[in-house]
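Down below is the structure, laid out as structure tokens.
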There are 4 protein chains.
Amino acid sequence: MKEITTDKRQAALEATLSLIAEQGFHATPMSQIAKKANIGVGTIYRYFSCKEELINELYLYVKQRMTESMMRNFKQDQSVQESFREVLKSIIRYAIEHPDELSFGEQYANSPLITQATKEHGGQIMEPIKGLFCRAQAENALKDLPQEVLLVLVSGAVLSLAKLYNFTGVPLDEERLCMETDAIWDMIRNREFVSSKA
Amino acid sequence: MKEITTDKRQAALEATLSLIAEQGFHATPMSQIAKKANIGVGTIYRYFSCKEELINELYLYVKQRMTESMMRNFKQDQSVQESFREVLKSIIRYAIEHPDELSFGEQYANSPLITQATKEHGGQIMEPIKGLFCRAQAENALKDLPQEVLLVLVSGAVLSLAKLYNFTGVPLDEERLCMETDAIWDMIRNREFVSSKA
Amino acid sequence: MKEITTDKRQAALEATLSLIAEQGFHATPMSQIAKKANIGVGTIYRYFSCKEELINELYLYVKQRMTESMMRNFKQDQSVQESFREVLKSIIRYAIEHPDELSFGEQYANSPLITQATKEHGGQIMEPIKGLFCRAQAENALKDLPQEVLLVLVSGAVLSLAKLYNFTGVPLDEERLCMETDAIWDMIRNREFVSSKA
Amino acid sequence: MKEITTDKRQAALEATLSLIAEQGFHATPMSQIAKKANIGVGTIYRYFSCKEELINELYLYVKQRMTESMMRNFKQDQSVQESFREVLKSIIRYAIEHPDELSFGEQYANSPLITQATKEHGGQIMEPIKGLFCRAQAENALKDLPQEVLLVLVSGAVLSLAKLYNFTGVPLDEERLCMETDAIWDMIRNREFVSSKA
DNA sequence: CATGAATGAGAATTCATTCAT
DNA sequence: CATGAATGAATTCTCATTCAT
């Protein structure tokens with residue numbers, strides 16, 4: 001009758017996310033997760049075979065939510081540079097609105113706890129950007145470096161920046177944000193290429 | 001004979017570094033560290049009061065080594081851009097030669113295990129760059145963004161790149177490395193400023 | 001339609017028997033029993049108040065089936081020795097045809113899990129033999145030892161033999177089986193008494 | 001200095017034996033074993049990798065003690081029948097003096113908890129009797145049945161009898177014990193063979 | 001009646017830390 | 001100083017049992 005117990009699986013994931021983000025995986029007992037999720041310890045094991053599976057599933061869950069969010073703010077009718085800027089902005093915004101997910105991602109993207117299988121299944125958060133990069137390369141707008149290098153440079157910079165926002169608590173200033181995303185754009189754009197904006 | 005104690009302390013740190021880099025902190029028992037360091041478990045406790053202190057000390061130890069390494073390849077008689085490029089290159093080289101330290105740094109820089117006190121005491125790896133940034137700002141070579149933003153953008157990009165090198169195992173190619181560091185430079189340099197090199 | 005409930009009860013008992021015989025009581029979860037019996041876990045609790053009651057009821061169930069089987073091959077018109085031999089043979093045959101029951105009996109006859117009450121209610125498997133023993137004693141055919149001692153010697157020997165058959169998988173050979181049962185008979189028969197057969 | 005902590009391993013085995021004999025393996029938590037043995041829970045794990053290994057080692061420990069005891073009361077300068085009787089008597093006496101070991105043996109000799117490897121390594125308790133059987137067969141004193149059958153008949157009967165003694169608490173009566181062992185001897189002896197005693 | 005999702009008490013096991021040698 | 005056997009608190013995970021559907 002009531003939807004209170006909507007989804008125990010999701011409750012477990014959310015509880016794990018927030019607890020792990022601030023305490024770390026191993027400092028977070030299953031009992032604490034259960035309590036925070038308002039479910040029994042045993043219930044967690046109905047949805048995840050063990051604690052490691054729980055965190056791997058959480059990894060996928062977070063990845064998917066980030067990616068979905070990025071896709072939403074994606075418009076096709078803009079110049080490459082503008083699209084790029086919008087994507088970065090939405091990453092920043094998302095990270096600020098979901099600091100736990102960023103923190104979780106930073107700590108566990110390179111952790112031995114996340115299996116190779118999970119990483120591969122999850123793909124890169126930056127996946128949606130790839131299409132944009134192809135378009136940009138077709139327009140000869142990018143530097144002559146392998147796409148994966150460009151991707152890594154951009155994601156490193158933008159996530160780093162997002163972390164800074166979260167850490168310092170500086171409120172978003174649209175103008176400054178533009179400068180920052182443009183800076184990142186400068187990193188990968190072909191110097192000879194005259195951007196439509198510049 | 002006097003150096004023996006230092007040796008044991010360092011042996012513990014090194015053993016911890018390599019084990020933690022591949023297994024994670026909590027999957028690495030003190031007994032395993034002791035075995036790898038060829039010392040007794042109890043001996044570790046003569047140098048570190050507990051496991052947490054051990055990892056915090058390791059954090060400082062790694063930070064210091066990275067910073068020292070960066071300082072070594074630092075020449076004052078170069079243009080800002082060239083100095084910058086050299087610094088980035090030495091970071092990359094160092095990371096490739098010491099993958100464990102990079103992996104450790106990535107995983108624990110944001111971990112709740114590293115106390116705030118340690119982070120502050122340790123300062124930023126990028127500390128030596130700050131002087132360079134001041135010089136560059138005096139020359140009006142940098143974008144008009146807060147220094148900490150520029151720092152964060154650069155460190156995010158370069159560490160990300162280093163990780164890529166480690167992960168793919170691509171051998172260093174001096175020419176490509178230059179393109180990459182220049183790209184990072186483009187991110188922070190003032191567009192209007194005509195670099196001495198360009 | 002009326003028999004359905006009996007069916008579920010029996011299905012639970014049979015599933016328990018086969019699972020416990022090979023895994024042991026505590027390595028056999030109720031959920032596994034339910035699955036094997038093709039009923040719900042909760043259903044088991046409609047027939048047995050708890051797991052311990054289940055195994056105690058199983059004990060009685062098995063005992064009864066063994067006893068019934070022994071009674072079937074019982075003819076009154078034979079000499080004591082021949083009757084005795086027939087009884088032992090039918091025990092052996094039964095054990096070979098129902099290895100799970102033998103295995104179960106062996107493991108739980110002495111287990112603290114089977115309550116004293118159950119053991120008493122169940123009586124001895126050898127119960128039907130008792131009448132035979134009385135007849136034999138009346139004929140002065142048995143050794144001058146307490147009946148319970150004779151009973152214990154016979155049951156120990158015959159069950160041990162049955163286990164050997166089950167374990168080695170040797171097929172039944174009527175002639176050898178006669179020699180074996182006669183050996184057991186020799187154990188309890190009065191040496192001075194001249195058997196009708198010999 | 002003090003021998004109080006003589007042997008923690010043995011203390012664990014003895015504690016396990018007495019607890020398991022009366023409660024069963026799964027009703028006996030490691031914590032209870034540790035308490036009874038006056039050692040820490042963790043200490044048990046220094047000597048046994050897991051609870052299953054503990055019980056398997058206990059099985060071997062008990063087997064060895066039983067066998068050793070049987071060997072002690074073994075004199076070569078007796079007739080086959082007398083030797084046989086002495087062996088059986090010493091089994092009975094041992095079982096009465098060590099009811100826990102008998103109870104343990106009965107419950108776990110056929111348990112899935114005892115691995116095949118352990119059973120094989122442990123050999124049969126009756127092993128020492130085998131030599132005696134060979135001697136007896138050479139003298140044509142035994143029935144024409146496979147040795148393993150004779151062995152199984154004897155061990156089944158004698159252990160069953162020992163259990164009866166333990167259960168009823170009847171004190172040992174030398175004369176009755178002789179009648180009982182002779183009865184068992186009658187089971188395997190060649191009827192045609194004129195025993196040296198009879 | 002039948003079901004099986006949910007529960008949490010309880011068990012096995014690990015591992016940081018101590019301390020007698 | 002160095003050691004590692006001993007310890008037990010803490011954690012993960014299982015599973016008998018309940019109860020809403």
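Given the structure is predicted, the values throughout are model-derived calculations rather than measurements. Throughout, a chain's letter reflects where its sequence line sits, starting with A, and its residues are numbered from 1.
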C/Arg46 side-chain N/O to E/dC1 phosphate OP1/OP2 under 4.0 Å: no

Between B/Tyr108 and A/Gln107, a side-chain donor and acceptor under 3.5 Å: no

Taking every non-hydrogen atom, the tightest pair across C/Ala109 and C/Tyr59: CA-CE1, 4.0 Å

Distance, rounded to the nearest Å, where C/Leu113 contributes CG and F/dA16 contributes C1': 14 Å

Sugar-phosphate, base or nothing in reach of B/Phe48, heavy atoms under 4.0 Å: nothing

Sub-4.0 Å heavy-atom contacts from residues 32-40 of chain B onto DNA chain F, ordered by number: B/Ile39, B/Gly40

All side-chain hydrogen bond (donor to acceptor under 3.5 Å, both in side chains) counterparts of A/Thr43, not counting sequence neighbours: none

Side chains of D/Thr16 and D/Leu13 in contact at under 4.5 Å (non-hydrogen atoms): no

Donor-acceptor under 3.5 Å (C/Asn56 side chain, C/Leu113 main chain): yes

Within residues 99-110 of chain D or reaching into it, pairs that qualify as salt bridge (Lys or Arg N to Asp or Glu O under 4.0 Å) - sequence neighbours excluded: D/Arg65-D/Glu101, D/Glu106-D/Lys163

Distance, rounded to the nearest Å, where D/Leu19 contributes CG and E/dA11 contributes P: 13 Å

cation_pi(C/Lys51, C/Phe25) dist<6.0 Å, angle<=45: yes

Rounded distance in Å - CD1 (B/Ile44) to P (E/dC19): 18 Å

With a 3.5 Å cut-off and sequence neighbours excluded, list the donor-acceptor pairs that the side chains of residues 28-41 of chain B form with protein atoms.
| unit_1 | atom_1 | unit_2 | atom_2 | d |
| --- | --- | --- | --- | --- |
| B/Thr28 | OG1 | B/Gln23 | OE1 | 3.0 |
| B/Thr28 | OG1 | B/Gly24 | O | 2.7 |

Minimum-distance pair of heavy atoms, taken over all atoms of C/Ile55 and C/Ile114: O-CD1, 4.0 Å

Consecutive Watson-Crick or G-U pairs in runs of at least 3, all under 3.5 Å, in which DNA chain F is involved: E:2-21 with F:2-21

Could you go over nucleotides 15-18 of chain E and give all protein N or O partners under 3.5 Å, atom names and distances?
| unit_1 | atom_1 | unit_2 | atom_2 | d |
| --- | --- | --- | --- | --- |
| E/dA16 | OP1 | B/Lys51 | NZ | 2.8 |
| E/dA16 | OP2 | B/Met30 | N | 2.6 |
| E/dT17 | OP2 | B/Tyr45 | OH | 3.0 |
| E/dT17 | OP2 | B/Lys51 | N | 2.9 |

Phosphate-side-chain proximity, A/Lys8 and E/dT7, N/O vs OP1/OP2 below 4.0 Å: yes

B/Tyr47 OH to F/dT3 C1', straight-line distance once rounded to whole Å: 13 Å

C/Ser103 OG to C/Leu17 CG distance, which is reported to the nearest 0.5 Å: 8.5 Å

D/Lys8 charged N/C atom sitting above D/Tyr47 aromatic ring, 6.0 Å / 45°: no

